[in-house]
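Proteins come first, then strands; the chains are lettered A, B, ... in the order of their sequence lines, and each starts at number 1. Since the structure is predicted, the reported quantities are computational estimates derived from the model, not experimental observations.
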Amino acid sequence: MADKNRITMTTTSPVYITANTVNLAIKTVKKLLWMLVVLLGITLISFLVIHLAPGSPTDMETTLNPLAGAAARQRLEDLYGLNRPLYVQYADWLFRLLHLDFGNSMSADARPVLTKILERLPLTVSMNLISLLLTLILAIPAGVISAVKQNSPLDRGITLLVFLGFAMPSFWLALLLMLFFGIELQWLPISGIMSMNYAQLDAWGKFCDLAAHLTLPILVYTVGGLAGMSRYMRACMLGALRQDYILTARAKGLSTRAVVWRHALRNALLPVITLLGLSVPGLIGGSVIIESIFALPGLGQLFYAAVMARDYTMIMGNLVLGAVLTLAGNLLADICYGLADPRIRTAGETA
Amino acid sequence: MGSRCLRNPMFLLGFGIVILMSLSALAAPLLAPYPPNTQHLDDILAPPSSHFLLGTDRLGRDVLSRLLHGGRISLWVGFVAVGISIAIGTTLGLVSGYFRRWTDEIIMRIVDIMLCFPSFFLILSVIAFLEPNLTNIMIVIGLTSWMGVTRLVRAETLSLRERDFVAAARLAGCPTRHILLRHILPNTLAPVLITATLGVAGAILMESSLSFLGLGVQPPTASWGNMLMEGKSVIETAPWLSVYPGLAILITVLGYNLLGESLRDILDPRLT
């Protein structure tokens with residue numbers, strides 16, 4: 001309805017716009033279908049790798065338990081359906097997935113995988129979002145300044161920091177921060193998410209307690225992303241500053257400030273959107289390490305425990321979630337790119 | 001080109017670090033003051049001193065000796081893992097770019113799928129399931145990091161196959177294998193070398209992360225990652241156990257990154 005209104009109101013030929021919208025719709029559908037195929041491929045590969053590897057989720061409860069015999073193992077395998085042919089297990093798992101049923105965890109508590117994941121998701125996602133925001137706030141100015149003052153001492157200094165950031169193992173940085181802020185200065189707690197007396201604190205106290213516990217982990221996440229982002233920002237900015245429209249803007253007498261922050265930055269930000277979409281798998285992987293160091297009850301810790309216990313359903317649930325988040329990140333990046341770049345918005349050709 | 005290398009401070013620093021680290025890894029048995037697994041039971045958790053330059057760990061083992069031996073593991077993992085990923089990536093890239101059509105389509109779709117993999121999750125599960133050991137780590141890192149090389153080599157091949165010298169070779173009746181290996185492959189070496197150098201840094205970081213989680217090189221064999229893991233539990237009383245192995249990782253990875261980035265500037269001015 002709204003589309004029709006817009007077509008009659010615009011001055012350009014309505015036929016042109018409809019053709020374009022149809023084109024865009026077809027492309028979006030194609031893209032979504034392809035994403036489904038990718039998701040299917042990822043689940044198939046993961047399922048095969050996990051199930052064909054030696055060992056079984058029943059190991060924890062049978063081999064390690066002297067009272068459990070072959071019969072107990074048999075019963076457990078029947079319970080989990082592990083003695084069926086592999087393709088039947090996969091088909092069954094896939095069919096349940098269509099109803100958003102990830103199955104029950106194969107660990108002792110046997111709770112639904114989805115419930116356990118959803119409990120852990122908010123902490124990991126919010127930490128990642130906060131650090132992503134901090135990364136952008138710091139990396140964009142750093143990259144722009146580095147590019148505008150190319151080869152100045154400031155640029156060289158930032159470049160040096162970027163290289164150090166690239167080479168810094170996140171777990172080592174975490175250890176150093178714990179050593180300095182936690183043990184030496186005693187400013188911040190070094191593990192867990194809340195203090196012992198959390199229940200007795202008032203709302204403000206609870207917030208401060210939570211913030212204090214999350215400061216170091218978020219700092220580690222941020223440093224991890226900062227190097228790559230500011231380096232990329234610098235490269236994009238250097239590219240944008242060489243364009244003809246920058247020369248035009250300068251020629252018509254605009255101030256350097258306007259040229260850099262308005263004309264060049266807007267164009268340099270476009271590729272950064274794509275990079276953000278691509279950074280999702282790295283963030284998910286990084287959470288395993290950071291959450292294990294700081295003993296945070298997030299998704300990474302859940303996954304680590306599941307891997308150690310060979311909890312098949314839990315591992316698959318996490319892998320699917322990771323893949324979905326990655327694909328969603330890519331899609332979101334594509335959409336934002338389209339919204340931000342008028343060339344793509346109107347032409348709809350080169351997305 | 002030689003003089004361009006010598007005038008580039010990034011290259012000199014990176015090259016220096018890489019050579020120094022490689023030599024110290026090669027000569028570890030000669031340089032290390034003690035065997036890496038010998039326990040000095042009178043000096044457990046001894047702080048750095050003239051006796052033990054970087055101190056000793058919880059089992060009384062000399063940290064410096066373990067660092068030197070751990071360096072051999074890190075570099076070995078880095079080189080083999082990158083070797084695997086370059087071999088896969090170059091082959092698929094050449095085939096994809098040269099034959100185009102459905103071959104290219106299929107290979108590029110596989111690359112897309114692999115890029116969407118939450119690969120650290122997969123690496124963790126595979127290694128935990130297959131017994132964490134050196135061979136498995138190198139293979140798994142190699143098998144999950146070839147996509148970038150494939151895309152790079154494919155792009156180079158796509159443009160090289162249209163060049164006159166390739167057309168001439170084809171007209172002269174060269175077999176396809178010969179064209180790919182003798183005429184196209186050598187021309188893709190520069191970007192591949194750059195990616196390989198940066199890849200070594202990535203693989204070293206990956207190995208140390210895995211070892212830190214207890215899923216990498218298994219004790220008592222020393223690796224920088226598992227030394228950090230062992231030091232973490234005594235971080236308050238023996239901070240030197242948490243500082244030096246990390247410093248070794250930082251310097252090595254920094255060296256390879258500097259070398260890779262400066263090679264990019266030197267070999268391929270288009271990219272900067």
Legend entry - Proximity breakdown for Ile50(A) and chain B, heavy-atom pairs closer than 4.5 Å: both

Inset, instruction - Could you look at Ile110(B) and say if it's the side chain, the backbone, both or neither that has a heavy atom under 4.5 Å from chain A? - result: neither

Legend entry - Between Leu173(A), Leu325(A), Asn318(A), the one whose heavy-atom pairs under 4.5 Å with chain B are most numerous: Asn318(A)

Inset, instruction - Go through Leu164(A), Leu176(A), Leu39(A), Asn330(A) and name the one with the most non-hydrogen pairs under 4.5 angstrom from chain B. - result: Leu164(A)

Inset, instruction - Could you tell me which portion of Leu258(B) (side chain, backbone, both or neither) has an atom closer than 4.5 angstrom to a non-hydrogen atom of chain A? - result: both

Inset, instruction - Considering only heavy atoms and a distance below 4.5 Å, find which of Ile293(A), Leu327(A), Val49(A) pairs most often with chain B. - result: Ile293(A)

Legend entry - Over 12 foreign heavy atoms within 6.0 Å of CD, Glu236(B): no

Legend entry - Region of Phe121(B) that comes under 4.5 Å of a non-hydrogen atom in chain A: both

Legend entry - Side-chain (Arg120(A)) to main-chain (Gly298(A)) donor-acceptor, under 3.5 angstrom: yes

Inset, instruction - Look at Ile249(B), Leu213(B), Leu205(B) and state which one has the largest set of heavy-atom pairs under 4.5 Å with chain A. - result: Leu213(B)

Inset, instruction - Flag the pair Leu94(A) / Phe47(A) as yes when at least one side-chain heavy-atom distance between them is below 4.5 Å, and no otherwise. - result: no

Inset, instruction - Could you look at Phe163(A) and say if it's the side chain, the backbone, both or neither that has a heavy atom under 4.5 Å from chain B? - result: both

Legend entry - Glu230(B) vs Arg61(B), salt bridge (charged side-chain N to carboxylate O under 4.0 Å, His left out): CA-CA, chis, key distance, verdict: CA-CA 12 Å; Glu230(B) 289 169 18; Arg61(B) 298 172 297 192; 3.1 Å; yes

Legend entry - chain A contact via Met229(B) - which portion, at a heavy-atom distance below 4.5 Å: neither

Legend entry - Toward chain A, the part of Ala201(B) with a non-hydrogen atom under 4.5 Å: neither

Inset, instruction - Measure Arg234(A) against the heavy atoms of chain B and call it side chain, backbone, both or neither at under 4.5 Å. - result: neither

Legend entry - Plane angle bin for Phe79(B) and Tyr256(B) - parallel if under 30°, tilted between 30 and 60°, otherwise perpendicular: perpendicular

Legend entry - Residues Glu105(B) and Arg109(B) bridged, charged N to O under 4.0 Å: yes

Legend entry - Atom CH2 of Trp187(A) with >12 non-hydrogen neighbours under 6.0 angstrom: no

Legend entry - Heavy-atom side-chain contact between Phe303(A) and Thr124(A) under 4.5 Å: no

Inset, instruction - Counting only heavy atoms closer than 4.5 Å, note whether Phe180(A) contacts chain B via side chain, backbone, both or neither. - result: neither

Inset, instruction - Decide if atom CZ of Phe15(B) counts as having more than 12 heavy atoms of other residues, nucleotides or ligands within a radius under 6.0 Å. - result: no

